[in-house]
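Reading through the structure tokens given below for one structure.
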Amino acid sequence: FSEQLTAFLATQALSGLADSPDEGSPERRPATLASQEKYFYSRDLPISANVWGETGLLQTPSARTAPAGTGSITLGWWQPYASLNLALSPLDWFEFYFRYTNVNNVPYGSQELAGGQTYKDKSTGLKIRLLKEDAYLPEVAVGVRDILGTGLFSGEYFVGSKRYSDFDFSLGLGWGQLGTRNNINNPFVTAFGSNYATRDAPVVGSGGTTNQQYFHGTAAVFGGVQYRTPWNNLVLKAEVDGNNYQQLPFGNTLAVKSIF
């Protein structure tokens with residue numbers, strides 16, 4: 001009988017009745033998670049590249065970086081440009097890019113020399129994470145495009161990203177091609193003087209932003225959000241770009257219907 005009683009008692013739990021003696025037991029209360037725990041128990045955050053090969057949204061970067069030891073090869077196309085991007089992440093907080101861009105409507109020199117070949121531009125870039133996200137603070141990164149190369153697509157940025165459940169929000173400040181929309185005063189002009197108010201136009205063959213033009217010229221705010229849908233392989237993205245697409249290399253302009 002004692003074995004049967006022991007087996008019966010082992011199957012019993014809190015009664016669940018409102019007037020039972022165990023009503024005040026903390027075990028009856030629903031499980032709660034602190035904000036830090038909610039952050040870490042959320043679904044994995046997907047990351048993917050923008051058209052420039054950077055971890056980001058569509059045209060704009062986010063503060064996210066790929067895990068250490070990973071790399072990617074991506075293709076980006078936005079007429080009249082098409083780019084082949086190689087991205088490497090030797091460290092969790094560092095991304096490096098090599099980019100080969102085809103300018104589809106510009107010949108590679110004179111017609112006799114080009115033979116129908118279009119212009120090709122080589123460039124490199126990097127992103128460094130400055131602050132790692134936690135339950136309360138955003139992830140923050142600084143990056144440079146076209147740091148070595150012709151400087152045709154050069155630009156610099158600071159960007160922060162913060163996750164909320166299946167949404168990942170990003171907000172940044174860009175210069176160069178990331179700042180041609182000119183929707184905010186350049187803070188470096190305020191901090192360091194009018195020398196930062198202008199930016200030399202890139203000249204083919206002169207090198208990229210190694211000519212000390214970092215954070216010079218017009219600036220613009222950019223940002224966006226990505227949403228991981230209930231289908232794990234489907235991620236939706238939307239952004240506001242800092243590029244007005246009216247000051248592109250070789251005098252190209254693109255029709256812009258909205259800032260989104």
Side-chain angles (χ1 to χ4, degrees), residues 30-76 78 85-97 99 125-145 155-175 177-179 181 183-184 187 215 219-243 258-260:
T32 57
L33 293 176
S35 56
Q36 184 80 9
E37 293 175 308
K38 290 179 181 177
Y39 173 80
F40 285 112
Y41 284 110
S42 299
R43 287 198 298 170
D44 290 340
L45 174 67
I47 58 172
S48 57
N50 59 21
V51 298
W52 298 96
E54 307 158 333
T55 300
L57 295 171
L58 302 173
Q59 286 273 354
T60 61
S62 70
R64 308 299 180 190
T65 53
T70 61
S72 65
I73 297 176
T74 58
L75 294 172
W78 49 296
N85 313 298
L86 170 64
L88 301 172
S89 296
L91 302 167
D92 281 334
W93 49 269
F94 179 74
E95 285 186 347
F96 177 80
Y97 319 102
R99 187 176 303 109
L126 57 85
K127 182 197 295 185
I128 299 173
R129 187 180 69 203
L130 303 177
L131 180 67
K132 187 175 182 180
E133 181 184 21
D134 61 22
Y136 307 102
L137 298 176
E139 195 140 301
V140 178
V142 61
V144 182
R145 286 182 184 169
E156 306 81 47
Y157 58 88
F158 287 97
V159 61
S161 296
K162 189 72 186 77
R163 180 182 183 182
Y164 181 78
S165 184
D166 289 325
F167 292 89
D168 191 35
F169 299 91
S170 294
L171 183 66
L173 183 62
W175 292 260
Q177 282 294 319
L178 285 157
R181 195 171 294 279
N183 57 17
I184 192 173
F215 307 105
V221 174
F222 63 86
V225 59
Q226 79 167 27
Y227 168 61
R228 186 176 189 182
T229 68
W231 299 276
N232 286 336
N233 294 326
L234 178 61
V235 174
L236 304 179
K237 297 181 177 183
E239 69 178 10
V240 175
D241 199 350
N243 193 334
S258 76
I259 62 173
F260 298 100

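Just so it is clear, the structure is predicted and the values come from calculations on it, not from any experiment.
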Sequence-distant partners of Ala220, side chain to side chain contact (heavy atoms under 4.5 Å, CB included), two or more places apart: Arg181, Asn183
Backbone of Leu58 reached by a side-chain donor or acceptor of Glu239 within 3.5 Å: yes
Quick check: closest heavy atoms across Pro46 and Val235, and the distance to 0.1 Å? CG-CG2, 3.7 Å
Is Gln59 close to Trp78 at the side-chain level, that is, under 4.5 Å between some pair of heavy atoms? yes
Got a list of side-chain donor-acceptor pairs under 3.5 Å for residues 85-94, not counting sequence neighbours?
unit_1: Asn85; atom_1: OD1; unit_2: Ser83; atom_2: OG; d: 3.4
unit_1: Asn85; atom_1: OD1; unit_2: Arg99; atom_2: NE; d: 3.4
unit_1: Asn85; atom_1: ND2; unit_2: Val51; atom_2: O; d: 3.0
unit_1: Asn85; atom_1: ND2; unit_2: Thr74; atom_2: OG1; d: 3.3
unit_1: Asp92; atom_1: OD1; unit_2: Ala68; atom_2: N; d: 2.7

Could you grab the distance from atom CG of Leu178 to atom OG1 of Thr60, nearest 0.5 Å is fine? 8.0 Å
Has Ile73 got more than 12 heavy atoms of other residues, nucleotides or ligands less than 6.0 Å from its CD1? no
With Tyr157 via side chain to side chain donor-acceptor pair (under 3.5 Å) - residues at least two apart: none
How far apart are the closest heavy atoms of Leu173 and Pro187, and which atoms are they? CD2-CG, 3.7 Å
Partners of Thr65 by side chain to side chain donor-acceptor pair (under 3.5 Å), sequence neighbours excluded? none
Do side-chain atoms of Glu139 reach the backbone of Glu133 as a donor and acceptor pair under 3.5 angstrom? yes
For Gln177, check side chain to side chain donor-acceptor pair (under 3.5 Å) against everything at least two apart and list the hits. Asn243
Can you name the ring-ring contact (aromatic ring centres under 6.0 Å, His included) partners of Phe158, sequence neighbours left out? Phe215
Tell me every residue that passes side chain to side chain donor-acceptor pair (under 3.5 Å) with Ser48, counting only those two or more places apart in sequence or in another chain. Lys237
Return the set of residues passing side chain to side chain contact (heavy atoms under 4.5 Å, CB included) with Ala141 (not counting sequence neighbours), or none when no residue passes. Ala63, Lys127, Val159
Paired with Asp168, the side chain to side chain donor-acceptor pair (under 3.5 Å) test is passed by just one of Arg64, Lys162, Gln226, Arg228, namely Arg64
Suppose we screen for side chain to side chain contact (heavy atoms under 4.5 Å, CB included). Which residues come up paired with Leu171, at least two apart in sequence or across chains? Val221
Please check this pair: side chain of Glu95 against backbone of Ala66, looking for a donor-acceptor N/O pair closer than 3.5 Å. yes
Any Pro67 side-chain heavy atom under 4.5 Å of Ile47 side chain: yes
Less than 4.5 Å apart, side chain to side chain, heavy atoms only: is that true for Phe222 and Ser170? no
